[in-house]
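Whatever order the structure lists ligands and atoms in, that order sets their numbers, starting from 1. Along the sequence shown, residues carry numbers from 1.
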Amino acid sequence: MGVALIVLAAGQGTRMNSDLPKVLHRLGGAPLVLHALRAGATLAPERTVIVAGHGAEAVTKAVRAYDPDATIAIQTEQLGTGHAVKVALPALQGFSGKVIVLYGDTPFLSAETLAALAAAPADVTVLGFHTDAMPQRYGRLVTDGETLLRIVEFKDATPAERAVPLINSGVVACDAALLAELVTGLTNANAAGEYYLTDIVAAARAKGRTTGFTLCAEAETLGIDSRESLAAAEAALQARARAGAMANGVTLTAPDTVFFAWDTVLGRDCTVGPNVVFGPGVTVETGAEILAFSHLEGAHVGAGSRVGPFARLRPGAELGEDVHVGNFVEVKNTTLGSGAKANHLTYLGDAEVGERTNIGAGTVTCNYDGVMKHRTVIGRDAFVGSDTMLVAPVTVGDRAMTATGAVITKDIPAEALAIARAEQVNKPGLAVRLMERLSAGKARRPKEGT
Ligand code: UD1
Ligand code: MG
């Protein structure tokens with residue numbers, strides 16, 4: 001049977017105390033809602049509907065960047081989770097199968113948990129978890145053996161119900177036609193004055209339909225509702241990423257100081273030194289070494305390459321095999337062919353560097369003229385002398401050289417040496433005479449403060 005997803009993401013997240021809609025706060029470098037979508041995507045849904053409200057435009061943009069086919073349903077007033085699902089129903093017209101409702105602020109649901117929920121036989125199945133923490137606010141699952149009788153919200157619960165250690169995660173699976181019927185019948189006669197999605201359980205039973213629950217670990221249902229819970233989720237994500245990398249054969253010299261993005265890929269036998277930060281979109285191939293204090297984002301590092309210490313790879317940095325990018329080198333939107341080296345104090349932006357080419361210390365590709373960006377193309381086996389300014393657009397041919405301190409404004413043919421600097425003049429004895437003159441001038445000056 002097919003599956004459709006509804007992701008609830010209309011809430012403001014008052015406790016975040018933020019102008020940014022809650023689901024756009026980032027976890028492992030990606031907005032929270034993307035984590036929820038990614039978890040849901042493991043069910044290969046036929047349709048995905050995101051219910052947006054607060055900051056709907058920004059939420060739509062973030063969602064579309066990940067899934068261009070997702071439908072956005074707008075909930076202008078947040079009248080409760082049941083109302084939010086109702087808003088999503090028109091987008092499910094013609095769909096018959098199971099609908100899974102997820103929250104955009106709950107990033108850690110596993111594929112196994114969702115698969116088990118989707119496969120559960122009851123007409124309505126709720127995902128719950130056991131806890132010792134006795135949380136305030138969360139709904140309680142009132143059960144009789146394997147049967148779920150109803151869900152009671154904390155606000156509406158009796159002391160005995162509040163003592164139930166089985167909690168509603170918020171995730172629900174329900175037959176599409178039944179869901180439409182149940183949600184349409186909801187009222188808001190409760191302590192919060194909201195349309196509770198949780199009320200569909202008792203309503204389904206009243207119609208003689210079957211209801212049940214599946215379970216997951218509490219950690220999977222961790223929802224974000226404050227900066228503190230966001231930080232806790234980030235810590236959990238990082239701990240998992242570090243452990244995962246090490247299990248995959250990556251050496252982390254100081255694991256607690258390395259920060260991963262949700263999609264970081266590190267090949268076997270890579271080594272990552274202390275205080276390295278991976279932004280989104282980084283792949284590092286087998287055996288590469290990322291040394292201390294490097295920052296990488298949107299970059300690909302080929303096998304056996306060495307990056308850092310103190311290097312910065314920005315989006316579009318493409319390093320071939322055995323490339324060296326050393327300290328205080330920044331690389332953006334630039335390809336470095338295999339064996340190329342830029343070891344010190346260099347900026348390479350919007351450039352192409354051929355295989356085995358050496359970029360001397362202090363080289364800058366002057367890519368920006370104040371209005372437009374221009375490309376620098378450097379061939380293979382070239383040697384760019386220290387302190388070369390390459391004023392783009394410009395081309396350096398294969399096996400060409402630039403003299404130290406050159407300001408290159410014209411293309412250099414293959415195998416040529418370009419010298420572009422003022423010629424040196426030596427004035428015999430002038431250093432000493434100049435010093436004497438300066439010292440005499442200082443002696444004649446009145447003392448400070450007199
Ligand atoms: C909900 C459940 C509760 C459960 C808890 C788990 C209900 C009535 N209660 O409570 O049983 O233990 O989640 O976290 O369902 N949202 C909308 N539109 C709305 C209201 C909410 O899109 O009108 C979205 C929110 O943005 C959020 C999610 O739905 O992503 C859950 O809403 P929230 O207000 O956090 O529900 P809880 O009170 O936590
Ligand atoms: Mg909540």
Handout entry: Val51, Asn168, Asp105: member with heavy atom nearest to atom 12 (O) of ligand 1
Key =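 Nearest heavy atom to atom 12 (O) of ligand 1 lies in Asn168.
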
Problem - Proximity winner for atom 2 (C) of ligand 1, if only heavy atoms of Tyr138, Phe154, Tyr103, Tyr196 are counted - result: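 Of the listed residues, Tyr103 has the closest heavy atom.
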
Problem - Ring centres under 6.0 angstrom apart (Phe154, Tyr138) - result: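 Ring-ring flag for Phe154/Tyr138: false, centres at least 6.0 Å apart.
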
Would a search of protein heavy atoms around [atom] find one under 4.0 Å away?
{"atom": "atom 33 (P) of ligand 1", "answer": "no"}
{"atom": "atom 37 (P) of ligand 1", "answer": "no"}
{"atom": "atom 18 (N) of ligand 1", "answer": "yes"}

Problem - Any side-chain donor near an acceptor of the partner, Glu355 and Ser338, under 3.5 Å - result: no

Practice task
Ignoring hydrogens and angles, state whether a donor on the side chain of Thr388 or Thr363 is under 3.5 Å from an acceptor on the partner side chain.
Solution key: no

Problem - Arg137, any N or O under 3.5 Å of ligand 1 N or O - result: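 No, no N or O pair falls under 3.5 Å.
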
Practice task
Determine the interplanar angle of the His83 and Tyr195 rings, folded into 0 to 90°, and report it as parallel if under 30°, tilted if 30 to 60°, perpendicular if over 60°.
Solution key: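 Tilted, since the angle between the ring planes falls between 30° and 60°.
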
Exercise for the section: Classify the contact between Glu153 and ligand 1 as side chain, backbone, both or neither, using a heavy-atom distance cut-off of under 4.0 Å. Expected result: side chain

Exercise for the section: Go through the steps for His54 and Gln78 under the test side chain to side chain donor-acceptor pair (under 3.5 Å), then give the verdict. Expected result: CA-CA 9 Å; His54 281 278; Gln78 282 68 59; 3.1 Å; yes

